[in-house]
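Residues: numbered from 1 along the sequence shown. Note that the coordinates shown come from a computational prediction; the quantities given were computed from them, not determined experimentally.
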Amino acid sequence: MARLDWRRLAWVLVLGGLALWSRPPATAMAQSRPADWRFGVIESTESPADATDLGAGWTRVRFQWAEVQPHSPDEWLPPVSEGALAVEAAAGREVVGMLIGIPDWARGEDEMPAGLHLPADDPHNLWAGFVRQAVTRYANRIDHWIIWNEPDIWDPTTPGHTWDGDEADFLQLQRVAYRTAKAANPRAIIHLAAMTYFWDAQFGREQYLSRLLDLIVADPEAAANHAYFDVLTAHIYFQPASVYDVMTTFNTILRDHGLDKPIWLVETNAPPSDDPAWPVASVTLKVLQVEQAAFMPQSLALALAAGAERVAVYKLRDTDGDYAANPEPFGLVRQDGSRRPAFEAARVAFRLLTGVRAADRERWDAVGQVRLTQADRVTTVVFARLPLPQVAEVPRVGDSANAWLVDMWGKRRTIEAVDGVFRVNLPPAVCAQSIGDYCMIGGLVTYVVQPLSADADLDAPPPLATPTPLPTFTSTPTATPLPTVTPSVTPSVTPSVTPSVTPSVTSSVTPSATSLPTVLPSVTPTISPQATLSASGGSVDAGIPRSFWLLGAAFVLGAAFLVLWRQRE
């Protein structure tokens, strides 16, 4: 038997302890970051560790009926394993299911699910059977269910088209799903299918949502069934301005029909067209990687200002199937596991916007400015909307004359108010694509984080805010009307993700010669040379967990004990 080399073992313990001491595992760092239930990422099961590091509080899983039960109702081929659901639960992420699709064996002559117009408890209503199985199997693990996806895409030749029936047929689909799900699991929360808005707007049609709600409120049994849905969902891409305007429009449509329902922005993103890892042959709207990164905090802040209860980025990671389904890459993480700059920008935004209690779009001209109120601070998101430098003026609040100035990547420094105002120099927007007189996506985002207490330690990073408790869900047929929010800008016409018609976009703004860099590092972006913030202030990251300091120290002390013990022999 080989003789044990005690000195070598001691050095191994020392080096191992120092490694733990200096760099804790990513999972441990992620556990120190509280996830806000408001912010999610679609398909977190593709890379749970990335989703945890991102700080996502919820995700969505697609239950495609034709894949779950391809041959008969006796099958169940789940899109996500029990192990994967356990991983999501352990990470504290809520899973939302989406039910969609018709297998051939369940398709009627009218191209609808067979038996759809039969009562929900009739065994020949095959759609009801599928909904019942899904909701029952996953009760208390998946309690939110979205019924279908984007039925307002009316063109059958586009890849995004999913619904062949009319609004009355869709109401029956929703009606059956709602009644069946509530009977199977009274805790179930049922979402109306996400609408795109633009598939009607760009062709001058009345909004699908409005037409559908006309039928719902005319249904004599709708009031007793809470209008057959508990949450409205939306998908909005490319333009931060549209996030605010379309969400506001949907709120208005709900209010006009006497309904008060929470709204979730379930999919949003601005996929880049300049990533060498995914060459784009046909660009929908030109977006650079740095602009995709800037889109993250802009869209999140504007969605909250428009009244969104939750927001999710579509999607976490590129997959093989995405190449066939999407013209551009939507993943925050590339297929090879490297991260696009948008990942880090979203990660910082998720953390700095945790615990928002109120939000207001204060300015929307050459500067975008959104004020978000939290328990112990007020965070204002500011950015230029033109390819020219701008100055934002943020009014002082609270008792502190100083604030943290945090850039899009999490680097910080302090700033002092002058005459009650924090003045922030903003770099110009890249403006790869303009819509009307403004850049489609604004420039690099700056956060002005004002502590409400004069005792805040501004030499330290802003402390992590505590997420507010999940709202208690109540389903009511009518409620107090929502506050009236009038968009200051009429929603611009842009296509949905898979448009059949690409609108002509005339640029009325010429980007300046000193535009921002077009490529940023894939993992740890640094400040652009044009950014006005100092990178020397440190990061807003939480500190290393105490347990890892102790573990590292234990290794080092153990090694020292071994050396001393051997010397006594």
Side-chain angles (χ1 to χ4, degrees), residues 18 20-36 38-39 52-55 57 296-297 300-301 344-357 370-382 392 394-418 420-425 444-468 524-527 531-553:
L18 290 174
L20 278 172
W21 208 337
S22 62
R23 186 170 182 173
T27 53
M29 293 185 69
Q31 289 170 358
S32 70
R33 303 180 185 125
D36 193 321
R38 286 178 182 81
F39 304 129
T52 298
D53 193 27
L54 182 66
M296 295 299 153
L300 294 176
E344 186 65 14
R347 176 178 173 274
V348 171
F350 281 12
R351 299 183 64 215
L352 287 179
L353 303 185
T354 292
V356 170
R357 298 181 173 187
V370 182
R371 171 174 165 162
L372 305 116
T373 303
Q374 295 148 290
D376 60 345
R377 72 195 72 178
V378 170
T379 299
T380 304
V381 174
V382 291
V394 178
R396 172 186 167 184
V397 297
D399 297 327
S400 177
N402 296 286
W404 288 284
L405 205 59
V406 186
D407 74 11
M408 203 166 72
W409 315 116
K411 302 299 181 182
R412 64 175 173 83
R413 66 177 176 88
T414 59
I415 185 174
E416 184 177 2
V418 177
V421 174
F422 295 97
R423 290 178 174 81
V424 183
N425 295 319
L444 296 182
V445 165
T446 299
Y447 303 88
V448 181
V449 184
Q450 300 186 60
L452 296 179
S453 171
D455 298 330
D457 181 7
L458 289 168
D459 291 329
L464 291 176
T466 302
T468 54
T524 310
T526 56
I527 301 299
T532 60
L533 305 182
S534 168
S536 62
S539 171
V540 296
D541 282 346
I544 295 172
R546 183 179 179 185
S547 60
F548 280 87
W549 286 99
L550 295 176
L551 186 58

List the atom of [X], the atom of [Y], and the distance in Å for their closest heavy-atom pair.
X	Y	value
Arg357	Ala375	NH2-CB, 3.4 Å
Pro297	Val445	CG-CG2, 3.7 Å
Gly57	Ala35	CA-CB, 4.0 Å
Val348	Gly410	CG2-N, 3.8 Å
Pro462	Arg377	CB-NH1, 4.1 Å

**Prompt:** Sequence neighbours excluded, which residues qualify as side-chain contact (heavy atoms from CB on, under 4.5 Å) partners of Asp457?
**Reply:** Asp459, Ala460

Side-chain contact, heavy-atom cut-off 4.5 Å: [X] with [Y]?
X	Y	result
Ser400	Leu458	yes
Tyr447	Val381	yes
Pro461	Val406	no
Phe422	Gln450	yes
Val448	Leu405	yes
Val449	Thr379	yes

**Message:** Main chain of Val418, side chain of Arg423: is a donor-acceptor contact present, judged purely on distance under 3.5 Å?
**Reply:**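 Yes, because the side chain of Arg423 sits within donor-acceptor range (under 3.5 Å) of the backbone of Val418.
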
**Message:** Checking the side chain of Gln374 only, and the main-chain atoms of Thr354 only, is there a donor and an acceptor separated by less than 3.5 Å?
**Reply:** yes

**Request:** For Arg38, check salt bridge (Lys or Arg N to Asp or Glu O under 4.0 Å) against everything at least two apart and list the hits.
**Result:**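 With sequence neighbours excluded, Arg38 shows a salt bridge (Lys or Arg N to Asp or Glu O under 4.0 Å) to Asp36, given in chain and number order.
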
**Prompt:** Rounded to the nearest 0.5 Å, how far apart are CG of Leu300 and CZ of Phe39?
**Reply:** 5.5 Å

**Item:** Distance (rounded to the nearest 0.5 Å) between Leu352 CG and Arg347 CZ
**Value:**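 With rounding to 0.5 Å, CG (Leu352) is 10.5 Å from CZ (Arg347).
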
**Message:** Set out, in order, the CA-CA distance, both residues' side-chain angles and the distance that settles side-chain contact (heavy atoms from CB on, under 4.5 Å) for Val378 and Leu372, then state yes or no.
**Reply:** CA-CA 6 Å; Val378 170; Leu372 305 116; over 6 Å; no

